[in-house]
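Structure first, then comments.
Note that these values count all heavy atoms, side chains included, but never hydrogens, waters or copies made by symmetry.
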Amino acid sequence: MFATGFGMLAPAMTEERKGDKITTRAEDYPQWYQDVVREADLAEPAKVVKGCMVIKPYGYAIWEKIQRELDTRFKATGHQNAYFPLLVPQSFITREAQHVEGFAPELAVVTHAGGEKLEEPYVIRPTSETIIGHFFSKWVSSWRDLPLLVNQWANVMRWELRTRLFLRTTEFLWQEGHTAHATHDEALAEVRRMLDIYGAFAESVMAMPVIRGIKTASERFAGAVETFCIEAFMQDGKALQAGTSHDLGQNFGKAFDVKFQSESGALEYVWQTSWGVSTRLVGGLVMTHSDDAGLVLPPRLAPIHAVIIPIYKNPDERTRVLEACERLAKALGDIDLAQDGARQRDWLTVQIDDRDLRPGAKFYHWERRGVPIRIELGPKDLEKGQVCLKMRVDTPAATGKQFVPEAELVATARARLLAYQDALLLAAAERMNTRTVQLDNWDEFLATFAGENSTFAWCHWDGSAATEAAIKAETKATIRCVPLPGQGPAPAPGRCIKSGAPSPQRVLIAKAY
RNA sequence: CGGGGCGUAGCGCAGUCUGGUAGCGCGUUCGGUUCGGGACCGAAAGGUCGGAGGUUCAAAUCCUCUCGCCCCGACCA
């Protein structure tokens with residue numbers, strides 16, 4: 001499948017404004033992020049609705065690719081999609097003590113409908129554990145009904161005080177998996193399995209390396225027994241919680257009376273899990289790979305893999321060049337990027353930019369949108385039977401403009417895209433690794449997190465909430481997670497960086513989005 | 001909710017102090033010349049100056065009230 005007329009993906013020239021420069025990262029990182037999102041045409045603040053955003057077609061196309069990849073993985077592990085109501089009876093939220101406490105401050109509540117005041121207000125779901133708990137209790141009665149594995153793609157609302165496009169908005173899109181199991185061990189295995197899926201997805205599809213770990217009590221999901229997470233390293237040294245997987249224990253089972261009769265005949269509460277990732281991932285994608293020239297996308301998530309720019313001086317040349325462009329697009333469109341063993345094909349999407357603009361303007365246009373490959377085709381190339389190929393970001397394997405014989409284009413393009421995907425992951429991992437430090441001295445810690453500074457720091461912590469709060473109060477840095485085996489430095493005892501008390505292992509500390 | 005700032009053309013702004021024909025840049029439309037890293041020339045369209053009230057011969061400008069937004073401090077995928 002090839003495409004040359006993707007109206008939705010080809011933003012009109014109205015967005016092309018000379019002077020709309022992208023602030024450099026060194027100059028002002030938050031401004032750079034906003035500029036990149038705007039210039040890549042990913043989203044814009046809704047303005048008329050406080051704290052909300054409009055995800056524009058190009059940005060939504062990236063989210064759809066994320067959805068497709070994850071949904072395939074969820075289905076492959078036995079989950080089924082379902083959909084639960086947006087509105088949740090207020091009394092449901094208050095059923096689980098920790099849950100209410102955590103979410104009460106950010107709830108939007110519907111008090112009137114049909115011109116009348118409601119007997120019981122509804123809250124707009126901030127997450128769906130409660131209403132799903134209610135239905136699980138109706139659906140589960142026997143051990144034969146377990147495990148129950150469902151997922152929902154939905155929007156949720158949390159009344160945020162301060163918002164940033166994709167990273168934190170009042171309404172956002174996500175996926176929330178909810179499962180019920182007969183034993184705690186089985187539930188825990190599910191929690192870990194989904195965390196593994198998130199981690200593998202982040203690294204192999206988003207090319208975004210992550211640290212897998214467990215949240216401290218203060219950062220734990222309201223109502224969970226344990227929260228597992230993946231934390232990603234942003235270019236400014238801050239951490240982004242990119243996905244979470246919760247062991248809910250029997251907390252919601254008890255609150256919503258989700259019971260089953262076991263094989264031995266005993267009546268028991270189910271063990272539940274929930275796990276989710278959101279459109280925040282798009283923000284993480286931006287802050288992982290993009291540069292001062294704009295968005296950079298890994299091929300596996302790029303809505304457009306290659307753009308072909310025709311070069312011509314007169315109508316006759318235009319006709320001949322465009323004809324050749326169509327030929328190239330058709331050939332490239334037959335490339336399947338899917339890895340061995342993938343369940344579905346992943347055809348290359350190609351676009352010919354035949355707008356009446358000068359080539360240079362088109363180069364900048366697509367560069368800002370992060371299209372991985374640019375192909376220039378002009379009269380000189382036609383004569384020589386070659387095409388000019390350039391990757392959005394230089395990699396050791398491919399630097400600057402390269403000329404390849406037309407006959408080799410398809411093979412070259414495929415190889416370059418696959419190498420590019422790997423190169424982005426490698427570059428991101430190197431950035432994270434070289435900027436990750438081990439700190440053992442409080443003064444050093446203060447210097448590391450002075451002002452807006454942040455990086456990934458492995459430090460000893462005495463395990464107390466008081467120390468954790470003190471670190472946060474003094475530096476704004478927080479404990480992102482206690483690493484899982486294989487993540488971070490090998491566990492070894494030491495002394496807490498703040499209190500000096502004994503500590504069994506180092507934890508990951510950074511400022512966070 | 002406390003402190004600071006701002007509402008004038010699609011976007012960014014000037015004009016407000018000192019009332020007197022509503023302007024500039026970018027973008028948009030049309031025509032032409034251009035086209036291997038952000039083109040140029042010519043013409044044109046586009047604004048009840050956030051809203052309401054008041055002062056005045058006359059208000060974007062002065063006064064009163066009001067609405068909305070942004071930034072900074074207490075929460076979070």
Side-chain angles (χ1 to χ4, degrees), chain A residues 12-22 30-31 34 38-39 44-51 101-107 125-127 154-164 166-176 198 215 218-222 227 229-232 239-246 274-284 293-294 309-315 317-318 321 353-368 374-384 386-390 400-401 403 472-473 476 478 512-513:
Chain A
M13 277 307 295
T14 50
E15 277 90 18
E16 202 76 42
R17 267 168 288 162
K18 191 180 174 184
D20 267 358
K21 296 294 184 205
I22 294 171
Q31 187 58 49
Q34 284 185 37
R38 183 192 67 242
E39 291 300 307
E44 67 180 55
K47 296 223 172 139
V48 288
V49 187
K50 193 172 167 57
E101 198 183 317
F103 282 105
E106 45 190 72
L107 295 177
R125 67 177 161 224
T127 179
N155 56 337
V156 288
M157 179 163 277
R158 298 178 185 181
W159 211 256
E160 299 291 349
L161 300 168
R162 196 169 168 200
T163 58
R164 288 162 169 274
F166 290 111
L167 300 172
R168 170 158 295 108
T169 46
T170 296
E171 180 187 16
F172 58 95
L173 305 183
W174 77 347
Q175 130 312 282
E176 47 179 326
Y198 287 155
K215 285 295 186 190
S218 73
E219 300 268 335
R220 192 180 292 153
F221 174 75
T227 288
C229 63
I230 54 173
E231 296 283 328
L240 182 79
Q241 183 178 126
T244 50
S245 186
H246 314 292
S274 68
W275 27 274
V277 298
S278 70
T279 36
R280 163 178 263 200
L281 287 177
V282 178
I309 315 254
I311 314 281
Y312 48 78
K313 286 192 175 64
N314 54 56
E317 278 183 2
R318 183 172 192 275
V321 169
D353 187 349
D354 61 353
R355 293 174 299 169
D356 186 21
L357 284 177
R358 308 192 84 204
K362 297 178 184 177
F363 297 164
Y364 284 103
H365 178 92
W366 295 108
E367 212 159 76
R368 281 176 305 192
R374 180 177 87 216
I375 291 167
E376 298 171 30
L377 189 69
K380 292 178 202 166
D381 301 310
L382 290 186
E383 274 172 36
K384 298 179 188 169
Q386 66 178 22
V387 303
C388 173
L389 190 150
K390 185 176 186 302
K401 291 188 184 183
F403 296 88
K472 184 177 181 181
K476 289 187 180 171
T478 52
Y513 276 100

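- Pairing for B:A74 is absent, with no Watson-Crick or G-U wobble pair whose two atom distances lie under 3.5 Å.
- Whole-Å rounding puts the A:F403 CZ to B:G36 P distance at 13 Å.
- Nearest to the side chain of A:L161, among B:U34, B:A74, B:C72, sits B:A74.
- Across all non-hydrogen atoms, the minimal contact from A:D381 to A:E376 is OD2-O, 3.7 Å.
- As judged by a 4.0 angstrom heavy-atom cut-off over every strand, A:L167 is placed among the base-contacting residues.
- Comparing the P positions of B:C40 and B:C1 gives a spacing of 50 Å, expressed to the nearest Å.
- With B:C75, B:G37, B:C35 as the choices, the nucleotide that has an atom nearest any side-chain atom of A:E106 turns out to be B:C75.
- Across B:G38, B:G36, B:G37, the shortest atom-to-atom separation from the side chain of A:R374 is found for B:G37.
- A:L357 places its CG atom 13 Å from the P atom of B:C40, with the value rounded to the nearest Å.
- Comparing B:U34, B:G37, B:A77 by their nearest atom to the side chain of A:D356 picks out B:U34.
- Nucleotide B:A14 has no partner under the Watson-Crick or G-U criteria, as no pair reaches both atom distances under 3.5 Å.
- B:C35 and B:A39: their C1' atoms are spaced 8 Å apart (whole Å).
- Nucleic acid contact class of A:G378 (heavy atoms, under 4.0 Å, all strands): base.
- Taking every heavy atom of both residues into account, A:P126 and A:F103 meet most closely at CB-CD2, 3.8 Å.
- Separating the P atom of B:G31 from that of B:G5 is a span of 49 Å, rounded to the nearest Å.
- In this structure, A:K472 places its NZ atom 8 Å from C1' of B:C75, rounding to the nearest Å.
- Nucleic acid contact for A:K380: base, since at least one base atom lies under 4.0 Å from a heavy atom of the residue.
- Checking B:A77, B:C75, B:C72 against the side-chain heavy atoms of A:R162 singles out B:C72 as nearest.
- In this structure, A:I311 and A:V321 have side chains that are not in contact, with every pair of non-hydrogen atoms separated by 4.5 Å or more.
- To the nearest angstrom, C1' of B:C70 lies 18 Å from CD of A:E160.
- Going from the C1' atom of B:U21 to that of B:G38 covers 38 Å, rounded to whole Å.
- Here A:Q386 contributes atom CD and A:L377 contributes atom CG; the two are 9.0 Å apart, rounded to the nearest 0.5 Å.
- One can place CD1 of A:I311 at 10 Å from C1' of B:G37, the figure rounded to the nearest angstrom.
- Once the 5.5 Å centre distance and the 30° plane angle are applied, the aromatic ring of A:F363 is found not to be stacked with the base of B:G37.
- Heavy atoms of A:K215 sit nowhere under 4.0 angstrom from any nucleic acid atom.
- B:U61 makes up no base pair with any nucleotide shown, lacking Watson-Crick or G-U wobble contacts both under 3.5 Å.
- Within the nucleic acid shown, A:T169 comes within 4.0 Å of at least one base atom, counting heavy atoms only.
- Straight-line distance between the P atoms of B:G50 and B:G7: roughly 8 Å, to the nearest whole Å.
- In this structure, B:U56 forms no base pair with any nucleotide, since neither Watson-Crick nor G-U wobble geometry is met with both distances under 3.5 Å.
- Salt-bridge check for A:E317 with A:K380: failed, with every basic side-chain N at 4.0 Å or more from each acidic carboxylate O.
- Closest-nucleotide positions on RNA chain B for A:L377 and A:F221 were compared, and the one nearer the 5' end corresponds to A:L377.
- Rounded to whole Å, the distance from CG on A:N155 to P on B:A77 is 18 Å.
- Each of A:K313 and A:G51 has a nearest nucleotide on RNA chain B; the 5'-most of these lies closest to A:K313.
- At a threshold of 4.0 angstrom between heavy atoms, the contacts of A:Q241 are confined to the sugar-phosphate backbone, with no base atom among them.
- Nucleic acid contact for A:E367: base, since at least one base atom lies under 4.0 Å from a heavy atom of the residue.
- Pair assignment for B:C69 gives B:G5, based on Watson-Crick or G-U wobble hydrogen-bonding distances that are each under 3.5 Å.
- Rounded to the nearest Å, the gap between the C1' atom of B:G4 and that of B:A44 is 43 Å.
- No hydrogens or angles were tested; on distance alone, nothing pairs the side chain of A:R358 with the base of B:G36 as donor and acceptor under 3.5 Å.
- B:U8 and B:C69: their P atoms are spaced 14 Å apart (whole Å).
- The CD1 atom of A:I230 sits 7.0 Å away from atom CG of A:L281, with the distance rounded to the nearest 0.5 Å.
- In this structure, A:N314 reaches neither bases nor backbone, as no heavy-atom distance under 4.0 Å exists between it and the strands shown.
- Taking every side-chain heavy atom of A:F172 into account, B:A77 is the closest of B:G37, B:G36, B:A77.
- The heavy-atom pair separating A:Q241 from A:R280 by the smallest distance is O-NH1, 3.2 Å.
- Of the possible donor and acceptor atoms, none in the side chain of A:E171 sits under 3.5 Å from a partner among the backbone N and O of A:G51.
- When the C1' atom is used for both B:C70 and B:A77, the distance is 24 Å, rounded to whole Å.
- The base-pairing partner of B:C35, taking Watson-Crick or G-U wobble contacts with both distances under 3.5 Å, does not exist among the strands shown.
- Taking atom OH on A:Y364 and atom P on B:C35, their separation rounds to 18 Å, with Å as the unit.
- In this structure a side-chain-to-backbone donor-acceptor pair under 3.5 Å is missing from A:T279 to A:F172.
- Both distances falling under 3.5 Å, in either a Watson-Crick or a G-U wobble arrangement, occur for no nucleotide opposite B:G46.
- In this structure, B:U21 makes no Watson-Crick or G-U wobble pair, since no nucleotide meets both defining distances under 3.5 angstrom.
- Taking atom CD of residue A:E317 and atom C1' of nucleotide B:U34, one finds them 13 Å apart after rounding to whole Å.
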